[in-house]
Amino acid sequence: MIKLLKSEFRKTRRRYVFITAILITAFGLVWSLHGRYNEIALRFGWMSFLYQLPLTNAIFMPLLSIIVSSRLCDIEHKGMMLKQLAVVTDKGKIYDAKLIYGLGMVVICCLINWFVTIAFGCIIGFYGDVPIRLYLLYLLFTVVPTIAVYIFQHTLSLLFRNQALAFFAGITGTFCGLFSMFLPQLPWLRRLFIWGYYGALQFVGLFGWTKEARYENAYFEVMGFDWLSFGVLIAAAILMYIIGRSLFCRKEV
């Protein structure tokens, strides 16, 4: 496995996959953090981020997964590299090595996103101390859905030579996940799609906001943690891994 991971590094060293992932992460951070921060924004800052960021994560984290998985797997489809690799090693190990390598990039980007978000709040002057426990839970509820989405994208990118199919499936899933987040009255809808779990695991709500009074009577509150959905998501990720690996091992390369 170590040799395969080193091989992945050598193959992608000049394709700038990780740099591309960093650029996507940076763009997502600019999109998320840009704005005018008045006194109200500074007062609500830490909780406001926990309320708002799952929405932007539901856009940029799946996009990150789509691009990284596609770039890594497209290398193998060109020049019949998969067939050559399958001669010298087990196809299951190929699947695992590329999955671990790609997940490593994506998880690092999630950690960068989390760290920069907290650093930005401290630098700009959000009131109060960082609610580190809540932000650690937020990190967990960001990383796990991203891992599930990446496993799905990784499988499609390995199974199909045409990466447009994996891209289309990922964009469609992202749209479905976003759509479900705009229908809070239908919480079950978020749990139908792995992309919707960024919203299903959101644990901070905004109450008292009106168009007329805006934030005058508004407040943020921790609604609770949906550990059942978290467990379902982990089970779904494991199931997708088992099925995806099995399909790839049976595939003629």
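Around the OH atom of Tyr127, the shell of radius 6.0 Å holds more than 12 heavy atoms that belong to other residues, nucleotides or ligands. With a 6.0 Å radius and a threshold of 12 heavy atoms from other residues, nucleotides or ligands, Asn38 has its CG atom above the threshold.
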Applying side-chain contact (heavy atoms from CB on, under 4.5 Å) to Leu50 and Phe220, what does each step give before you reach the verdict? CA-CA 9 Å; Leu50 292 175; Phe220 292 94; over 6 Å; no

How far apart are the C-alpha atoms of Leu64 and Cys109, what are their side-chain angles, what is the distance that settles it, and do they pass the side-chain contact (heavy atoms from CB on, under 4.5 Å) test? CA-CA 9 Å; Leu64 178 67; Cys109 288; 3.7 Å; yes

Does the side-chain contact (heavy atoms from CB on, under 4.5 Å) test come out yes or no for Leu178 and Ile59, once each step is laid out? CA-CA 7 Å; Leu178 281 173; Ile59 299 172; 3.6 Å; yes

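The two residues Val68 and Met105 have their closest heavy-atom pair at CG1-SD, 4.2 Å. Minimum heavy-atom separation, Leu139 to Cys110: CD1-O, 4.2 Å. Shortest non-hydrogen contact noted between Val130 and Cys122 is CG2-SG, 3.8 Å. Of all heavy-atom pairs spanning Val204 and Tyr51, the tightest one is O-CD1, 3.2 Å. In terms of heavy atoms, Ser180 sits closest to Arg190 at O-NE, 3.5 Å. Across all non-hydrogen atoms, the minimal contact from Thr146 to Val106 is CG2-CG1, 3.2 Å.
Following chains of ILVMFWY side-chain contacts shorter than 4.5 Å, one cannot reach Ile123 starting from Leu53, and the two form parts of different hydrophobic clusters. No continuous path of hydrophobic side-chain contacts links Ile171 to Leu156 [ILVMFWY only; heavy atoms under 4.5 Å]. One hydrophobic cluster, built from ILVMFWY side chains closer than 4.5 Å, cannot hold both Leu63 and Phe168; they sit in different ones. Taking hydrophobic clusters as Ile, Leu, Val, Met, Phe, Trp and Tyr residues chained together by side-chain heavy-atom distances below 4.5 Å, Leu201 shares a cluster with Trp227. Note on Ile66: it does not cluster hydrophobically with Ile108, by side-chain heavy-atom contacts below 4.5 Å among ILVMFWY residues.
When each of Leu136, Val143, Val144 is paired with Leu140, the side chain to side chain contact (heavy atoms under 4.5 Å, CB included) condition holds for Val144 and for no other. With respect to Phe60, the ring pair (Phe, Tyr, Trp, His ring centres under 6.0 Å) criterion is satisfied by exactly one of Tyr198, Phe27, Trp195: Phe27.
Atom-to-atom distance recorded for Met223:CE and Gln202:CD is 5.5 Å, nearest 0.5 angstrom. Atom-to-atom distance recorded for Leu159:CG and Cys73:SG is 9.0 Å, nearest 0.5 angstrom. To the nearest 0.5 Å, atom CD1 of residue Ile132 and atom CG of residue Leu137 are 10.5 Å apart. The distance from atom CD1 of Ile24 to atom CD1 of Ile67, rounded to the nearest 0.5 Å, is 3.5 Å. Arg71 contributes atom CZ, which lies 12.5 Å from atom OG of Ser157 (distance to the nearest 0.5 angstrom). Summarising the geometry, atom CD1 belonging to Ile238 is positioned 8.5 Å from atom CD1 belonging to Ile151; distances are rounded to the nearest 0.5 Å.
Between Trp114 and Thr142, the closest side-chain pair of non-hydrogen atoms is not below 4.5 Å. Phe49 has its side chain out of reach of Ile118: every pair of non-hydrogen atoms, C-beta onward, lies at least 4.5 Å apart. Here the side chains of Trp46 and Leu134 are not in contact, with every heavy-atom distance at 4.5 Å or above. Using a 4.5 Å heavy-atom cutoff, the side chains of Val149 and Phe193 are not in contact. Between Val17 and Leu72, the closest side-chain pair of non-hydrogen atoms falls below 4.5 Å. Within the 4.5 Å cutoff, the side chain of Arg191 has heavy atoms near those of the Tyr197 side chain. Ile194 places none of its side-chain heavy atoms less than 4.5 Å from the side chain of Pro145. Side-chain contact between Met240 and Thr155: absent, with no pair of heavy atoms (C-beta onward) separated by less than 4.5 Å.
Taking the six-membered ring for Trp and thresholds of 30 and 60 degrees, His154 and Tyr95 have ring planes more than 60 degrees apart, a perpendicular arrangement. Taking the six-membered ring where tryptophan is involved, the planes of Tyr138 and Tyr135 are perpendicular, since the angle between them exceeds 60° and thus also 30°. Aromatic ring orientation, Phe225 versus Phe141: tilted (interplanar angle from 30° to 60°).
Note: Tyr37 and Phe120 meet the aromatic proximity criterion, with ring centroids under 6.0 Å apart.
Side chain to side chain, Gln153 and Ser65 fail the donor-acceptor criterion of an N or O pair below 3.5 Å.
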